[in-house]
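First up is the structure itself, then whatever we jot down about it.
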Amino acid sequence: MALSKAIRESLLHLEQQLLSGEVRRSPEELDRLLSDDFREIGRSGNLYSKQQIISLLADEQETERCITDFEAEQLAPDVVLVTFRLASRAPQKHQPVYSLHSSIWRRDKSGWRMVFHQGTPVQ
């Protein structure tokens, strides 16, 4: 299935929102962007629910994050898989940390909401 440029850009924007400290520390914004059945496999390999992620991110330290190599593939009419490479750098660190990410987004009556995410550290 061909994915429209508008949907691709919209999902890139949503991923960028989820990387901003302001959104990550906002339970209301996370509730809006994450589906109620959301699951995440974190960098640690642990599985997290929506409520666990909201709790964990509430006190997260500000980190600079940059998405590259963003790709989006439509899996079904209202389901899209996105993948990207992320460079993250905490203020006290000199070198960024890299990871590969995948997210599944599903469109419902309120818009696009993330249902799954995984981040894997890489060299």
Side-chain angles (χ1 to χ4, degrees):
M1 266 179 241
L3 184 66
S4 76
K5 182 178 178 181
I7 290 175
R8 183 187 181 286
E9 289 175 1
S10 177
L11 292 173
L12 173 57
H13 178 71
L14 291 171
E15 288 282 359
Q16 290 168 329
Q17 283 184 333
L18 281 169
L19 294 175
S20 79
E22 184 177 315
V23 170
R24 293 171 76 82
R25 290 186 297 273
S26 168
E28 296 80 18
E29 286 298 302
L30 290 173
D31 185 56
R32 178 181 67 83
L33 292 168
L34 303 178
S35 177
D36 289 340
D37 58 348
F38 172 81
R39 294 290 179 264
E40 177 170 337
I41 299 173
R43 295 172 53 100
S44 63
N46 293 328
L47 180 64
Y48 300 98
S49 69
K50 176 180 179 175
Q51 289 309 314
Q52 289 171 313
I53 287 296
I54 290 172
S55 294
L56 287 169
L57 294 180
D59 298 319
E60 185 182 57
Q61 173 185 10
E62 188 68 34
T63 300
E64 182 181 321
R65 296 177 176 92
C66 180
I67 291 176
T68 59
D69 303 327
F70 185 85
E71 299 287 338
E73 180 179 346
Q74 192 161 8
L75 302 177
D78 291 317
V79 179
V80 175
L81 168 68
V82 303
T83 58
F84 56 91
R85 182 175 172 92
L86 185 68
S88 304
R89 189 171 59 80
Q92 70 277 16
K93 302 288 184 181
H94 296 289
Q95 295 297 319
V97 174
Y98 296 97
S99 51
L100 298 177
H101 292 258
S102 60
S103 304
I104 297 176
W105 290 86
R106 180 176 57 215
R107 184 170 39 201
D108 60 23
K109 64 182 184 284
S110 64
W112 289 101
R113 298 178 77 190
M114 186 184 285
V115 294
F116 176 79
H117 184 77
Q118 180 170 358
T120 305
V122 295
Q123 296 293 354

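All heavy atoms count here, side chains included; hydrogens, waters and symmetry mates do not. Because the structure is predicted, anything quoted here is derived from the model rather than measured.
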Atom pairs and distances, donor-acceptor, side-chain atoms in residues 4-14, under 3.5 Å, two or more places apart:
{"from": "Ser4", "atom 1": "OG", "to": "Ile7", "atom 2": "N", "distance (Å)": "3.1"}
{"from": "Arg8", "atom 1": "NH2", "to": "Phe70", "atom 2": "O", "distance (Å)": "2.9"}
{"from": "His13", "atom 1": "NE2", "to": "Gln17", "atom 2": "NE2", "distance (Å)": "3.3"}

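Expressed to the nearest 0.5 Å, how far CG of Leu57 lies from CD1 of Ile54 amounts to 8.5 Å. Once rounded to the nearest 0.5 Å, the distance linking CG of Leu81 with CZ of Phe116 reads 9.5 Å. Note that the CZ atom of Arg39 and the OG atom of Ser49 stand 5.5 Å from one another [nearest 0.5 Å]. To the nearest 0.5 Å, the span separating CG on Leu47 from CD on Gln118 amounts to 10.0 Å.
Here the side chains of Val115 and Leu34 are not in contact, with every heavy-atom distance at 4.5 Å or above. You'll find the side chain of Val97 stays beyond 4.5 Å of the side chain of Leu86, heavy atoms only.
Ile104 and Leu100 are members of different hydrophobic clusters when ILVMFWY side chains are connected at heavy-atom separations under 4.5 Å. Leu56 and Leu19 fall within the same hydrophobic cluster, defined by Ile, Leu, Val, Met, Phe, Trp and Tyr side-chain heavy atoms under 4.5 Å apart, directly or through other members.
Between Glu15 and Val82 the shortest heavy-atom distance is OE2-CG2, 3.1 Å. Closest heavy-atom contact between Arg113 and Lys50: NH2-NZ, 3.5 Å. Taking all atoms of both residues into account, the shortest heavy-atom contact from Met114 to Ser103 is CE-OG, 3.4 Å. Annotation for Leu33 and Trp105: closest pair O-CZ3, 4.0 Å, computed over non-hydrogen atoms. For Thr63 against Ala90, the heavy-atom pair with the smallest separation is CG2-N, 3.9 Å. Here the closest non-hydrogen pair linking Val80 and Leu3 is CG2-CD1, 3.9 Å.
No more than 12 heavy atoms of other residues, nucleotides or ligands sit less than 6.0 Å from atom CG of Asp59. Counting non-hydrogen atoms of neighbouring residues, nucleotides and ligands closer than 6.0 angstrom, the CD atom of Glu60 exceeds 12 such neighbours.
Applying the salt bridge (Lys or Arg N to Asp or Glu O under 4.0 Å) criterion to Glu29, with sequence neighbours excluded, gives Arg32. Legend: residues meeting ring pair (Phe, Tyr, Trp, His ring centres under 6.0 Å) with His101, ordered by chain and number and at least two apart, are Phe84, His117.
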**OP:** May I have the step-by-step check of salt bridge (Lys or Arg N to Asp or Glu O under 4.0 Å) for Glu62 and Arg25, ending in yes or no?
**Re:** CA-CA 10 Å; Glu62 188 68 34; Arg25 290 186 297 273; 3.1 Å; yes
Original post:
Are Arg85 and Val122 close enough, and set up right, to give a side-chain contact (heavy atoms from CB on, under 4.5 Å), and what steps lead you there?
Top reply: CA-CA 9 Å; Arg85 182 175 172 92; Val122 295; 3.7 Å; yes
